[in-house]
Structure formats: C-alpha cells, structure tokens
Amino acid sequence: MNTRNLTLLTDLYELTMMQGYFETQENETVIFDVFFRNNPNNGGYSIMAGLDQVIDYIKNLNFSYEDVDYLRGLGIFSEDFLHYLSGFHFSGDIYAIPEGSVIFPKEPLLKIVAPIMEAQLVETAILNIINHQCLIATKASRVVYAAQGDGIMEFGLRRAQGPDAGLYGARAAMIGGCVGTSNVLAGQMFDVPVMGTHAHSWIMSFKDEYTAFKEYARLYPNACTLLVDTYDTLKSGVPNAIRVFTEMRDAGIHPKSYGIRLDSGDLAYLSKKARKMLDEAGFTDAVIAASNDLDEFLINDLKIQGAKIGSWGVGTNLITSKDCPSFGGVYKLSAIQNSDGEFIPKIKISENVEKITNPGDKTIYRVYDKETGKIRADLICFADETWNEEDELLLFDPNATWKKTRLPGGSYTMKEILLPIFKHGECIYESPSVMEIAQFCKKEKETLWDETKRLFNPHGVYVDLSRSLYDTKTRLLDEMSK
Ligand SMILES: Nc1ncnc2c1ncn2[C@@H]1O[C@H](COP(=O)(O)OP(=O)(O)OP(=O)(O)O)[C@@H](O)[C@H]1O
Ligand SMILES: O=P(O)(O)OC[C@H]1O[C@H](OP(=O)(O)OP(=O)(O)O)[C@H](O)[C@@H]1O
Ligand SMILES: O=C(O)c1cccnc1
C-alpha cells in the first residue's frame, strides 16, 4: 500500500558522508545496529513496531531523476557521485526483531549489514520510522495495561503531529493493544477496526438532547453510544439516554452494543451515578465509555477510585506520547568487514558508560524459564556462537559482573529473536497483518513477569552479554584506553 519514495528523507550529512566514502574508501561492508537506551516513562519494557514501513522504505529506495537534479542544484556533489546515486539500490542484509515483540534497552532491534554508503544513507529514515512506532506502541501498551481488560479506542488523529503521525501512530496503537481507532484511513490502510461515537455538535444541531439521541439510536441501533455531557450529565444526559434505550427496548430493539460516553467532569463520580441509574432502569449491559485527556496514570487512578467505566477513548496523550515524546533509538556502527570477509568489531567509547556500544556481528537469544514460559533474560552474543539448552547457562550483568545467575541445563529454553528480513537486497520476510501483530504482541506480554509490566518502578529485564562478547568489549576498551 505504501509505495512512497522516501529516498531523500535523510539528513544531509548522510549524503555528504556517502560522497566522502565514495571518494576515499572501498565501500566496505559494515554493520550498524539500531538500539535504544531507556524504556519510555521508566517502563519495564517496550514494544517493537514499524518494521513493515522500514521494509517498504528499503524496497522503494532509489534516486529519481528529480532527486538527482535537486541534489545537483545544492552544488556540493560531484557528477561522478550523482551518477552513482542514479543507479543506487540497497544490496545489503537486514535482520530485525519482529513487530509486536517485547524489547529491552541496549539490544539490537535491527542489524544492517551493507556496503558503508548504503548503510549510512538509511540511518535517518530507519530511526524516524522505528522511533515513532515503538514509542506509540509502547505508550498504547501501557494504557491498555492500566485499563485491566477494558477496550481502549484510539481517538488521537486530530491532535497527532500531522497526518503521518496520526496514521502510523494509529497502526502502532493497534499493535500495542487498542481495540480500534477512529482513524478511517488507518482502518483502510492497515485493515484494523474503526469505531467511534458522536460529538457534542450532533446534540447541539437538534432542537433538544432527547431528539438528538433518538435520531442517533434510529440510525445506529447496533453501535449506539450516546454522549451525555452536553448540557447536564446526570440531570439531562443520562435520563434522556435511558428514555431512548427504554423506547428501543419497548420496540423490541436489542442493540449489540450500546451505552453512554462521559467526556467531562468527575469521571469516577459521574460513572458511578450513571451506572446506578442505568442499572435501576434495567440496562445493566449498557457500557459506560469515558474520554477527556486520559492516559495510563489517570485510567489507573480512576480504576482505584472504583469508576464504573468499561470502555476508554484515548486521544492526545496516546497519539503524541505527550509525557515522553521521543523513543531515543540510535544507529551505531559495530563492525567493518576486512578483505578476508571477517567482521572486525568496532566500539564507540564515551565518558558515559551508558553510551559505550556493543561491538561486532551480533544476534540475540531470548532465554525463557522452561516451567513458566516467562523471560529470564536476553542474551546478546556473536552471531556465530552456538548454544545448547542442555548445558548450564551463565548469565551475568555486564555492568556488575559479580551479579551472576546460573541456569541449570534443561531448566530454560532459548529462541533467536533477530530474524533475517533482507538478503542481498531482496526482502525474504512477509510481514503479518497488523491484527496478527497485535495478537502476537498480546502473547509476548504474557512472557513478561507481572513485576515488569507495572506502571511504577517496574523490574527491568536483564540484557546480558555472552562471555565472548563481554571479553571482546573489555579488550577493545582496554586497547582504546592505551
Ligand atoms: N475522578 C477523577 N480523578 C482524577 N481525574 C479526573 C477525574 N475525573 C476527571 N478527571 C480528569 O480531570 C481533568 C479535568 O476534567 P474536567 O472535565 O473537569 O475539565 P475539562 O477537561 O476542562 O473539561 P471540558 O472537556 O468540559 O473542557 C481531565 O483530564 C479528566 O480526565
Ligand atoms: O481528550 P483526548 O484524549 O484527546 O480524546 C479525544 C477527545 O477529542 C474529542 O473532543 P475534543 O478534544 O475535540 O474537544 P474537547 O476538548 O472540547 O472535548 C473527544 O470528545 C475527546 O474528549
Ligand atoms: O468517536 C468518538 O467519540 C471520537 C472520535 C475522535 C475524537 N473524540 C471522540
């Protein structure tokens, strides 16, 4: 569906470096890792999203005549380099963690293995796509967690930072666990459920609230959620809704889904009062939906207050991830291939220990407790290391190596989670549908311990290095410090 050519969606410096590599180097094959350093909102995990858009981007990479002409006009690129660009396509390999997976800081979400000019160009767009969708999928997952099984409707399009953020944000929100979106184009593009109620303008356009409700119920008897706060929620809105539901019941109409939406005032108080009124009128299955600047913390608090809300419309705070507006994924060189075809590990050191990278051609194994199926740790190792689940597995914290855990052979299982997506420039991976990814994401969250899922001070999941990777990292750091 998305066949946009985003080739120039890059920072200028990627192109100036590309020209520099073109003039000074052999275009060696290199490895770049995409990883992030902290979970949004001090959470215990994040959600992988955006891979399908990265795949589209890579497939459509080519410099059109107009693109080359535009670059020529900048006056900084040679004709030889522009000629190279006009024949450019991506010829490398890409590995990635599948969308919907739970992911943790420091592990490579994507690994790009390609000639340096190609690998450098794609940095910006890959980060742009992955950072946005991981952020919103993770936010959605937190909001869904707070709702304790109630449905979350994604209502944010009007407040998203432009059309793309609205569309791909809705996609990511569905992956994170929302039950539907009000965004119709997202519904069409990603084949996800669209849903919604009506606005205050509907009520205000009729001579009175009762007539507005009655007409809405006549038109949409099977998805009849009436917005009750236009005039006075408890004195007018809820009684008028009950009057209309009673008329429907008397006429033998039994809607599949019906109820009210609260959009202002004290949502705990109003929902309890409204629940009582609906129940007393015999509408115990009427759903009370709520909206108005909600987020995971407010929903959590409303649950604690005993709010009788069964469905939540969440807009601004979700689609913009307002309290944590960026994901912080980075793209770092980790190895360069020598003339023997061997990958030589590279490391970036920093005053800040957090920013020291993991060198080499790596992969990730997820280690599960055999009995519970829960994640024990992720193990980053060299891609050619092999493991046997019958052997004892030593896990140690790379920042505090004395913290060791020994898993006896047979007590754990391992799964490689970095999968091949492109091989020699060809896509060899078929993305599941968004709803399949959402289903997978739900299962993924079942592999987290409850302590990792909670909103406040969650336990982190260990992301460890294999002995061999740890030793290489330490050796490179020692060499650098000499
Ligand atoms: N019981 C509650 N506990 C905590 N926060 C609540 C509760 N009920 C509502 N809120 C939140 O308080 C904030 C203010 O809501 P309120 O309806 O008073 O103001 P408002 O947003 O200005 O209303 P309006 O949409 O009519 O302009 C909203 O974010 C709302 O979700
Ligand atoms: O509050 P959000 O989480 O963004 O959810 C979506 C909001 O959008 C609609 O109103 P709109 O914001 O257009 O108007 P309002 O602020 O006057 O309710 C709707 O009634 C919700 O309140
Ligand atoms: O359908 C709704 O109720 C809706 C949609 C977008 C924003 N606010 C509410």
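All ligand and atom numbering here is 1-based and tracks the order in the structure.
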Show the short N or O contacts, below 3.5 Å, that ligand 1 makes with protein N or O atoms; if there are none, say 'none'.
residue	atom	partner	partner atom	Å
ligand 1	1 (N)	D266	OD1	2.8
ligand 1	1 (N)	Q305	OE1	2.9
ligand 1	3 (N)	Q305	NE2	3.0
ligand 1	8 (N)	G265	O	3.4
ligand 1	8 (N)	L267	N	2.8
ligand 1	15 (O)	N292	ND2	3.4
ligand 1	17 (O)	G265	N	2.7
ligand 1	17 (O)	N292	ND2	3.1
ligand 1	21 (O)	N292	OD1	3.2
ligand 1	21 (O)	N292	ND2	3.1
ligand 1	29 (O)	N292	O	3.4
ligand 1	31 (O)	N292	O	2.7

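- Between Y331 and F32, the ring planes are parallel. Angles under 30° get that label, and only those over 60° would be called perpendicular.
- Annotation: salt bridge (charged side-chain N to carboxylate O under 4.0 Å, His left out) contacts of E118 (sequence neighbours excluded): none.
- At least one test fails for R376 against the ring of Y368: distance under 6.0 Å to the centre or angle within 45° of the axis.
- Atoms of ligand 2 lying under 4.0 Å from at least one heavy atom of R159, given by number and element, are 4 (O), 11 (P), 12 (O), 13 (O).
- Less than 4.0 angstrom separates atom 2 (P) of ligand 2 from at least one non-hydrogen atom of the protein.
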Could you tell me, for ligand 3, which of its N or O atoms are under 3.5 Å from any protein N or O, listing the pairs and their distances rounded to 0.1 Å?
residue	atom	partner	partner atom	Å
ligand 3	1 (O)	T197	N	2.7
ligand 3	3 (O)	T197	N	3.3
ligand 3	3 (O)	T197	OG1	2.4
ligand 3	3 (O)	R261	NH2	3.4

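- Listed by number with element, the atoms of ligand 2 under 4.0 Å from a non-hydrogen atom of T316 are 2 (P), 3 (O), 4 (O).
- Looking at K214 and E209, no side-chain N of the basic residue comes within less than 4.0 Å of a carboxylate O on the acidic one, giving no salt bridge.
- For D397, there are no salt bridge (charged side-chain N to carboxylate O under 4.0 Å, His left out) partners at least two apart in sequence or on another chain.
- Counting heavy atoms closer than 4.0 Å to ligand 2, residue R261 contributes side-chain atoms (C-beta onward) but none from N, CA, C or O.
- Within a 6.0 Å radius of NZ in K348, other residues, nucleotides and ligands contribute more than 12 heavy atoms.
- Checking only distances, D293 does come within under 3.5 Å of ligand 2, N or O to N or O.
- Residue contacts with ligand 2 for R158 involve side-chain atoms from C-beta outward but no N, CA, C or O (heavy atoms, distance under 4.0 Å).
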